[in-house]
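Read through the structure below, which is laid out as structure tokens, and then see the notes.
The sequence lines fix the lettering, A, B, ..., with proteins before strands; numbering per chain opens at 1. Every value quoted in this text rests on a predicted model; they were computed, and no experiment measured them.
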Amino acid sequence: MLSKIPANPPPRLVLKFFKMFSHYDDIQRARHLFDKIHEPDLRSWTILISAHTKHGFPEEALNIYNTLRARNVKLDTYVLLPVAKACAASADLIKAREVHDDAIRFGFSSDTLLGNALVDMYAKCKYVDGAKRAFDDVKVKDVVTWTSMASCYANCGLARQCFGVIRNMGLNGVRPNSVTVSSILPACTELKDLNLGREIHGFVVRNAIGENVFVSSALVNMYASCLSVRQAEFVFVNMFRRDSVSWNVLLTAYFSNKEYEKGLGLFHQMRSEGVKLNQASWNAVVGGCVQNGLNEQALDKLRQMQDSRFRPNQITITCVLPACTNLESLKGGKEIHGYICRHWYFKDLTTSTALVSMYAKCGDLDLSRRVFDMMTRKDTVAWNTIIIANSMHGNGNEAVLLFHNMLGSGIKPNSVTFTGVLSGCSHSRLVHEGLQIFNSMNREHSIDPDADHYSCMVDVLSRAGRLEEAYEFIQRMPIEPSAGAWGSLLGACRVYKNVKLGRISANRLFEIEPDNPGNYVLLSNILGTAKLWDEASKTRKLMRDRGIPKTPGCSWVHVRNKIYTFVVGDKSNKQSEEIYNFLEDVGKKMKLAGYIPNVDFVLQDVDPKEKHEILCNHSEKLAVAFGLLNLNGESSIRVFKNLRICGDCHTAIKFMAKIVGVHIIVRDSLRFHHFRDGILPGHQRRPFQFQKLQELLL
DNA sequence: ACTTTGACAG
């Protein structure tokens with residue numbers, strides 16, 4: 001057939017073939033034919049552009065449009081229509097503005113058909129102002145015009161404006177159709193307004209559009225997020241027809257409402273009953289597992305997903321990264337980082353941010369920072385992540401610096417930014433900076449400080465030892481001081497041995513959170529240190545009487561893909577003897593280097609010699625020793641503790657790091673502590689080897 | 001023509 005086309009074919013003939021081939025998805029051949037036309041008319045151009053968009057090549061469609069545009073021919077609404085669609089498909093705002101300008105220049109912007117396409121185009125680019133302008137230009141607005149505008153607001157998280165459009169639509173005598181309803185239901189989902197949702201449901205029933213799968217799926221979703229899973233189930237069960245999305249919606253509904261067993265059950269059912277699964281189904285399950293703390297299962301489902309020939313996408317990857325974080329699996333996180341690089345997913349803002357967070361929480365701040373620095377675009381969440389990462393690792397100065405860089409690059413801070421940077425200030429005792437930033441919240445950024453911000457400020461003052469000021473600050477707070485505020489003060493009373501304020505804050509905490517064992521233990525420790533044994537035992541008795549179990553402290557460390565856990569005085573480990581011998585030997589070295597055991601942290605009333613032994617028993621010391629004894633060429637170890645690190649251990653581990661030259665990272669219930677003072681100027685840090693340490697200790 | 005599901009910071 002092809003050979004029968006003359007060398008210089010008449011346009012109409014080519015057009016016929018062109019239509020045929022574009023229909024059969026053979027864009028290359030269509031293009032080839034098009035190129036044979038000497039002077040293609042506007043109709044040929046239109047078909048060429050729309051074929052490229054329709055077959056998933058919107059960028060190429062826009063390139064073709066550029067070529068056409070360069071010829072300075074007069075355009076019409078029919079050619080701009082597929083161009084607007086191409087902009088929508090590629091979410092290309094720059095091109096979108098050009099197209100809009102062209103439409104205005106040629107006087108087509110009041111046209112309903114083209115205007116609708118322009119509104120939708122801006123909606124897909126998430127550019128509300130443009131959509132509104134295009135919308136206002138349309139003279140005769142039909143249901144599509146109104147729906148597109150409402151949909152734009154809904155997708156941009158402007159639910160109130162969305163319903164405003166719908167109200168106006170009614171006032172203008174246009175009735176919503178099924179598309180309108182399915183477009184506005186997500187806005188209702190966002191507002192979590194069950195009553196509004198029910199109202200819409202009523203409209204659906206009255207107008208008999210419930211058989212529409214878009215409408216009913218959106219209803220299921222709306223009920224699920226308005227915390228009415230039973231209603232969601234009811235709508236689902238009574239659906240006329242269900243597609244993959246409908247099933248996925250219910251699946252997500254179970255997981256996000258903590259009913260993960262039902263979620264897993266439904267997924268099993270979907271697979272066994274031959275429901276057509278898609279990538280989103282797997283994402284829902286993988287993400288659902290993580291949401292519900294089923295971290296291993298999430299990784300398992302990821303493997304199953306790949307076995308079922310589904311490729312994990314950015315969303316899958318972003319969903320599972322927190323599973324690595326929760327498992328403290330730096331290794332697993334790095335594997336996923338590799339996958340991200342291989343698939344170019346690092347271009348995705350959300351995915352990169354998740355990576356930054358994962359590295360920080362797994363204890364590798366350097367890698368976290370490296371990923372952050374590689375990001376080409378950074379939004380508020382990305383900046384918040386790196387600020388929080390630095391605060392979490394005790395780098396308050398860096399957190400403050402990053403905060404100012406963020407402002408400098410024109411990114412707006414939100415309330416999370418301030419909790420992040422202020423907690424950094426407290427960890428690094430940056431009182432002046434903390435106060436300054438706190439005061440700027442309202443003045444410069446119009447953000448009202450909430451309970452967390454006030455607690456951070458109490459922490460800033462308390463940790464710096466300014467306990468009386470912190471107490472005054474609490475009393476002058478315009479909102480009810482939260483447990484966080486009193487907790488910071490109490491914690492600092494332990495460090496600075498302030499019995500008076502310790503009693504006050506603990507008693508407030510006993511009222512606010514009577515079931516938190518930590519507060520009783522802290523007060524009892526403060527009293528014990530002050531040798532007020534009677535009062536200390538009264539506090540412990542109060543705790544017992546209220547039936548509050550004390551959380552046992554434990555520490556753990558990852559060695560060769562296994563987690564080894566230690567409790568105080570633990571002797572269950574195979575290498576226990578080695579551990580205690582090591583601690584004794586290194587202890588001697590430490591004392592020579594100037595370490596003085598701080599027996600304040602022993603709360604039993606026993607003789608000094610025994611106190612020293614008790615200190616050596618602490619779970620974090622045991623875990624650190626075990627980690628050091630099992631180093632495999634690494635220059636750092638990571639130890640985790642469920643409670644806050646003991647003050648003596650903090651000092652002791654600092655000395656250990658110095659003596660053995662290993663970077664020791666301890667993550668306790670509050671943050672990461674880095675001990676790496678062992679590097680002397682001019683000395684290269686070498687991987688630690690056990691033999692060398694033995695020599696050193698002899 | 002416009003429509004339903006899916007994530008990152010605390």
Provide, to the nearest angstrom, the distance between the [atom1] atom belonging to [X] and the [atom2] atom belonging to [N].
| X | N | atom1 | atom2 | answer |
| --- | --- | --- | --- | --- |
| A:R671 | B:dA9 | CZ | P | 21 Å |
| A:N326 | B:dA9 | CG | C1' | 15 Å |
| A:F236 | B:dT4 | CZ | P | 18 Å |
| A:R311 | B:dG6 | CZ | C1' | 17 Å |
| A:D142 | B:dT3 | CG | P | 14 Å |
| A:W247 | B:dG6 | CH2 | P | 18 Å |
| A:L402 | B:dA9 | CG | P | 17 Å |
| A:I336 | B:dA7 | CD1 | C1' | 13 Å |

Mind checking [X] for me? I need base, sugar-phosphate or nothing, with any heavy atom below 4.0 Å counting as a touch.
| X | value |
| --- | --- |
| A:T385 | sugar-phosphate |
| A:L349 | nothing |
| A:N212 | nothing |
| A:N278 | nothing |
| A:N414 | base |
| A:D120 | sugar-phosphate |
| A:S148 | sugar-phosphate |
| A:I315 | base |
| A:N313 | base |
| A:V249 | sugar-phosphate |
| A:K361 | sugar-phosphate |
| A:A280 | base |
| A:V220 | nothing |

If you only use heavy atoms from C-beta on, which nucleotide in [options] is closest to the side chain of [X]?
| X | options | answer |
| --- | --- | --- |
| A:I388 | B:dA1, B:dG10, B:dT4 | B:dG10 |
| A:N155 | B:dC8, B:dT4, B:dC2 | B:dT4 |
| A:K85 | B:dA1, B:dC8, B:dT5 | B:dA1 |
| A:V144 | B:dC2, B:dT4, B:dC8 | B:dC2 |
| A:N248 | B:dA9, B:dA1, B:dT5 | B:dT5 |

### Message
So, under a plain 3.5 Å distance rule, would you say the side chain of A:S183 forms a donor-acceptor pair with the base of B:dT3?
### Response
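Answer no: no donor N or O sits under 3.5 Å from an acceptor.
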### Query
Is there a donor and acceptor pair closer than 3.5 Å between the side chain of A:S182 and the base of B:dT4?
no
### Query
Are any non-hydrogen side-chain atoms of A:D120 and A:Y122 less than 4.5 angstrom apart?
no
### Task
Could you check if a side-chain atom of A:P312 sits within less than 4.5 angstrom of a side-chain atom of A:L302, using non-hydrogen atoms only?
yes
### Query
Would you call A:F214 stacked on B:dT4, i.e. ring centres under 5.5 Å apart with the planes less than 30° off parallel?
no
### Query
Is it true that A:D136 and A:K132 have a side-chain N and a carboxylate O under 4.0 angstrom from each other?
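Yes, A:D136 and A:K132 are salt-bridged.
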### Query
Going by the angle between their ring planes, with limits at 30° and 60°, are A:H445 and A:F418 parallel, tilted or perpendicular?
tilted
### Task
Could you tell me how the ring of A:F672 sits relative to the ring of A:H393: parallel (under 30°), tilted (30 to 60°) or perpendicular (over 60°)?
parallel
### Message
With a 4.0 Å limit, can you tell me whether A:N221 has a side-chain N or O closer than that to the phosphate oxygens OP1/OP2 of B:dT4?
### Response
no
### Query
Reckon A:K124 has a side-chain N or O less than 4.0 Å from the OP1 or OP2 of B:dT3?
yes
### Query
For the side chain of A:S488 and the backbone of A:G484, is there at least one donor-acceptor N/O pair under 3.5 Å apart?
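It does hold such a pair.
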### Query
Does A:R43 make a cation-pi contact with A:Y78 (under 6.0 Å, within 45 degrees of the axis)?
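No, A:R43 and A:Y78 do not form such a contact.
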